[in-house]
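Just so we're clear, the structure is a prediction, and the values are computed from it rather than from any experiment. Indexing begins at 1, ligand by ligand and atom by atom, following the structure's order. Each residue takes its place number in the sequence, starting with 1.
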Amino acid sequence: MATMESLIVTVNRIQRACTVLGDHGGDTNLPTLWEALPSVVVVGGQSSGKSSVLESIVGRDFLPRGSGIVTRRPLVLQLHKTERGLQEYGEFLHLPKKKFTDFSMVRKEIQDETDRMTGKSKQISPVPIHLSIYSPNVVNLTLIDLPGLTKVAVEGQPESIVQDIEIMVRSYVEKPNCIILAITPANQDIATSDAMKLSREVDPTGERTFGVLTKLDLMDKGTNAIDVLEGRAYPLQHPWVGIVNRSQADIKKNVDMIASRRKEREFFASSPDYGHLASKMGSEYLAKVLSKHLKSVIRARLPAITSLINKSIEELEAELSHLGRSVAVDAGAQLYTILELCRAFDRIFKEHLDGGRPGGDRIYGVFDHQLPAALRKLPFDRHLSLQNVRKVVSEADGYQPHLIAPEQGYRRLIDGALNYFRGPAEASVDAVHFLLKELVRRSIAETQELKRFPTLQAEIAAAASEALERFREESKKTTLRMVDMESSYLTVDFFRKLPQEVEKGGNPTSSSADRYAESHFRKIGSNVYSYVGMVSDTLRNTIPKAVVYCQVREAKQSLLDHFYIQLGKKEGKQLAQLLDEDPALMERRQQCVKRLELYKSARDEIDSVLWAR
Ligand SMILES: Nc1nc2c(ncn2[C@@H]2O[C@H](COP(=O)(O)OP(=O)(O)OP(=O)(O)O)[C@@H](O)[C@H]2O)c(=O)[nH]1
C-alpha cells in the first residue's frame, strides 16, 4: 500500500527531526515524541553478529570493526528506499551537506564521530549518531544499533562499562514502542543468550521481539537449530529468522555483500535441515518482515501519536506564553521592548501614587501628621523666653537702648525663630523621598514583565533612584527658599495691627522701672511668638505644595526621562545587555521552541500523508 509506505517515510522523517532537535528520549522534562515512535533496536552479546546482520540488511559494509567494544554510541540507521538506478549514498546528520558514496568512509566517520563524543577513552555515550542510507536496495526502516552486551570489560575500558552498556540498552528496549531484534549466535547455548535474557525481561509475551539466530553455519556437525527456528524451543509471537553472515575469513577475503547474500540463500536452499524453511530465512527476508511489521505498528499507533502531538503542542504553547516572547535580536526591536518594559513599570508606579495601589496615601501622611508635629515641637518657648528676649534685644540695642520699639531686636528674634523651620522643611522632603524610593522598589517587583530581566531591573532602579535624588535636591532648595523668603521680608501689617502699648499713669518710679522692662520684653516675646505662629501656619500649607511640585509631580512625569535619553544613545550590544535574561529561563525557552518546532513539523508530515490517502 503506497500510503503505508509513505507513513514509514514520514516516521523516518519525524525521527530524523527528533534527532536534529535534540529529542532522543531520555530524561528531559520536555514532552518527547521520539519515545512514542516505533523503532527497531538491535541487541545482542558481543560478537553475536549484530553488525553483520545490520550490514546484510543494508547490503553494504559500513560498520566499524575491531576487537573490544566497537559500538560505543547508539547508531540510528535510517534506510530510505530510492528509485532503481540511483546511486547509493550515506549521509550523517552531523554532516548534513556531505554525501558518502564510499562506504568505507562511512565506517571511518562513525569511528571518528564516536571518538569525538567519548574521547579516546573508550567510554560509551548515549548520544546517538544518526546515519541515513539512501539506496534502491533497502527497505524503508529505522534500525538502532547499540553497544554489545558484555560480561567483562576489555583492556583499556573502565569496569563500569559493563553496567553502563546494560543500562543504555535497557533504556531503549524498555520502551513499549521498541521492536527488539534479539541476536543470538546459533553456536552458543541459547539459554545463556544475553539478548534473549534481556528481551524476556522487558517483553515477556514476546510481542515485540524478533528472534534472530546467526552463525547457523558454525554449528557443530550433526546439530541444528530446527527446534528454535520452528518456534518450539523458545516461542515468540513472531517467527524466528535464521541467518548466515560472512565469516571472519570471508571478510578477510573481501567477499562482498551481494556475494554473501547469494551464499546465504544457497546455504538455506541446499540445507537438508532448513530447506523447507528457506523462504523464511536470511537477512533479506528479515528486512522485509521488519519493514512490514513496522508498518502495521505505525498504523496502529498513528492515532495515539497524533493525539500526543496535539496535546504536546498545546502544552508547549502554554508554557511558552508563560515564559514570554523571546527577545528580539535587532537593536530597534530591542529598544522598543525596553521602552515597553519601562512603561509597564511606570504605569504601576503611577498607580501607587494616584491610587489603585497602596502607598500614595503615606505621602499625605507626611503632610498631615509628620510636618505639623515637627512644627509644633520647635523650641520657640525657649527661644522666646523672657531671658533670651532680653538678651537678644539688649545686644541688638548696643549702648543706646531703643526708645519706642526695638526694631533690630524684633528682626533678630524673628530671624532666629524662622531659622528653626529649616529642620521640618528638610525632614518633609526626605520623608517623601524615602516613600517614593520605596514605591519604586515595590513597582519594580510588581512589574511582572520585568521579572525575566534582572539587568534591566537593576538599571531602572538605578535610574529612578538617581532621578529621585535630583528631585530631592531641587525640593530642598525650593522649600528652604520659602523659609528664607519668610525672613527676607516681614509682613508689615501684622505689626501695624498690634495693639500699641499705651503708658498709663505718670512717670514710672524707679521701682517700677524693672516692672516696666519685664512686661515690655514679655510683650515683645509674645508678639514675635504670634508672628512665628502665623509663619508656621503658612509653611504648613506651602511646604507640601513645594514638595509635591518638586518631587511627586516630577516623579510622575519624568522619573525615567534621563534614562530614556541614555537609552537612545546606546548601541545594539548595550541594549542586548539590558535584555540579558536569566540564563536558565532562556535555555528553557529555547528548548521549548525547538520541541514545538518538532511537533509542528511532525503534525504537518502526518497531515500530508493522511490527506494524500
Ligand atoms: N561464519 C559466520 N561468521 C559470522 C556470522 N555472523 C557473524 N560472524 C562473524 O562473527 C564475528 C563477529 O561479528 P560481528 O557482526 O562483528 O558481531 P557484533 O555482535 O557486531 O560484535 P560487536 O559489535 O563487537 O559486539 C565476525 O568475525 C563475523 O564475521 C555468521 O553467521 N557466520
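Judged by the shortest distance from any of its heavy atoms, P147 lies outside the 4.0 Å radius around the atoms of ligand 1.
Using modelled atom types, one finds a donor on one side chain and an acceptor on the other under 3.5 Å when comparing S283 with E264.
Comparing S247, S48, S52, G148 against atom 14 (P) of ligand 1, the shortest heavy-atom distance belongs to S52. When the heavy-atom distances from atom 12 (C) of ligand 1 to G44, S47, S56 are ranked, the shortest goes to S47. Among K215, Q46, Q248, the residue whose heavy atom lies closest to atom 10 (O) of ligand 1 is K215.
With a 4.0 Å cut-off on non-hydrogen atoms, L218 touches ligand 1 through its side chain and not its backbone. At a 4.0 Å heavy-atom cut-off, ligand 1 touches D217 through the side chain alone. At a heavy-atom distance under 4.0 Å, only side-chain atoms of I251, from C-beta outward, approach ligand 1.
To the nearest 0.5 Å, the span separating CD1 on I243 from OG on S52 amounts to 9.5 Å. Note that the CG atom of L54 and the CD1 atom of I144 stand 10.5 Å from one another [nearest 0.5 Å].
Surrounding CZ of R84 are at most 12 heavy atoms belonging to other residues, nucleotides or ligands under 6.0 Å away.
For ligand 1, the atoms sitting less than 4.0 Å from at least one non-hydrogen atom of G45 are 19 (O), numbered in the order shown with element in parentheses. Residue V244 has at least one heavy-atom neighbour below 4.0 Å for each of these atoms of ligand 1: 31 (O).
Note: Y89 and Y134 have parallel aromatic rings, judged against thresholds of 30 and 60 degrees for the angle between ring planes.
Considering both main-chain and side-chain atoms, L216 never comes within under 3.5 Å of ligand 1 through any nitrogen or oxygen pair.
Proximity of a side-chain donor or acceptor of S171 to a complementary backbone N or O of M168 within less than 3.5 Å is detected. Between the side chain of R208 and the main chain of V173, a donor-acceptor pair closer than 3.5 Å is present.
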